[in-house]
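Scroll down for the structure; my scribbles are underneath it.
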Amino acid sequence: WRSDDRGENWRFVTKGLKNLNVAAIAIAPSDSNIVYAATGEGVYVSRDAGALWSLANDLHQQIKFQRPQSYRPITISAKDPAKVCVATSSGKVFCSADTGQHWQALGKGQQEVLTVILFDQESTKIFAGGSAGFQIYDVVAKKWSAVNIELKDLTDLWVSKTKSHHLFAAANEELWY
């Protein structure tokens, strides 16, 4: 569904979207025409704000999503709408620099199903969380690090838009800062 008037009216935007079991959507911060949808079949991409969708490469069905495990499984670079990373329902993380045509698995060290994933403002780190806690992937070093053991069962995660070193997390039925 899409609304162009702050929710007063809605219309279907499913042309080309063959799997309507959508776990999540994400809009590119730098180009609102680029929209990604995480489905049970894989990642769909729209380059025209949802008017037409096409299935990205699913790496032989390795890239797929389901609720509730895939809460916010897509993150898009703040500067480059083609640069996207996804946390799949199998717990693997893949990144693409070309809107999902080619994917690269992100290193070893992360094994759990991730609930939420997002880039920092500079797109040099990827923050991820789920049942085993909070993790950071360093894009330059190509390495995962587990952080703060107390953040088990992480259900949501946000980076402040004005202060990119400030993170907020919901975990253990608490809000963390």
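I25 CD1: 12 or fewer foreign heavy atoms inside a 6.0 Å radius. Environment of NE2 in H166: crowded, with over 12 heavy atoms of neighbouring residues, nucleotides or ligands closer than 6.0 Å.
In this structure I126 satisfies the side-chain contact (heavy atoms from CB on, under 4.5 Å) test together with C85, C95, L106, I117, F119, Y137, V139, sequence neighbours excluded. For D80, there are no salt bridge (Lys or Arg N to Asp or Glu O under 4.0 Å) partners at least two apart in sequence or on another chain. The side-chain contact (heavy atoms from CB on, under 4.5 Å) test applied to E174 returns N172, W176, not counting sequence neighbours. Applying the salt bridge (Lys or Arg N to Asp or Glu O under 4.0 Å) test to R11 and every residue at least two apart in sequence or in another chain returns D4.
Between the side chain of R47 and the main chain of S54, no donor-acceptor pair closer than 3.5 Å is present.
Other residues sharing a hydrophobic cluster with W10 under the 4.5 Å side-chain heavy-atom criterion for ILVMFWY residues are W1, F12. Here F168 sits in one hydrophobic cluster together with Y177; the rule is ILVMFWY side chains under 4.5 Å apart, joined directly or through other members.
Residues V86 and F65 meet the side-chain proximity criterion, which asks for heavy atoms closer than 4.5 Å. W53 is not listed as a side-chain neighbour of K18, based on a closest heavy-atom distance of 4.5 Å or more. V84 has its side chain within reach of W103: a pair of non-hydrogen atoms, C-beta onward, lies under 4.5 Å apart.
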Let me see the working for V43 and I74 under side chain to side chain contact (heavy atoms under 4.5 Å, CB included), right down to the final yes or no. CA-CA 9 Å; V43 175; I74 306 170; 5.5 Å; no
Given the rule in the side chain to side chain contact (heavy atoms under 4.5 Å, CB included) test, do V22 and T39 qualify, once you have shown the distances and angles that lead to the verdict? CA-CA 4 Å; V22 178; T39 75; 4.0 Å; yes
N57 vs Q101, test: side chain to side chain contact (heavy atoms under 4.5 Å, CB included). Steps then yes/no. CA-CA 5 Å; N57 181 351; Q101 297 310 303; 5.5 Å; no
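Nearest heavy atom pair, residue E122 against residue K79, reads CA-NZ, 4.5 Å. For the residue pair L157 and A169, the shortest heavy atom distance occurs at CD1-CB, 4.0 Å. Nearest approach of A38 to P73, heavy atoms of both residues: CB-CG, 4.0 Å. Scanning both residues, Q62 and T88, for their nearest heavy atoms gives O-CG2, 3.8 Å. Taking every heavy atom of both residues into account, K64 and G40 meet most closely at CB-O, 3.3 Å. Listed here is the closest heavy atom pair of A51 and K15: O-CB, 3.4 Å.
If you take CG on N9 and CZ on R6, they are separated by 13.5 Å, rounding to the nearest 0.5 Å. Here CZ of F127 is found 10.0 Å from OG1 of T75. Values are rounded to the nearest 0.5 Å. If you take OH on Y36 and CD1 on I27, they are separated by 12.5 Å, rounding to the nearest 0.5 Å. If you take CD1 on I76 and OG on S96, they are separated by 11.5 Å, rounding to the nearest 0.5 Å.
Clustering ILVMFWY residues whenever any of their side-chain heavy atoms sit less than 4.5 angstrom apart, transitively, puts V35 in a cluster other than the one holding V45. Cluster annotation: L55 is connected to L17 through the hydrophobic network of ILVMFWY side chains, with a link wherever side-chain heavy atoms come within less than 4.5 Å. Residue L52 is not grouped with residue I34 when hydrophobic side chains (ILVMFWY) are merged at heavy-atom distances under 4.5 angstrom, including chains of intermediate members.
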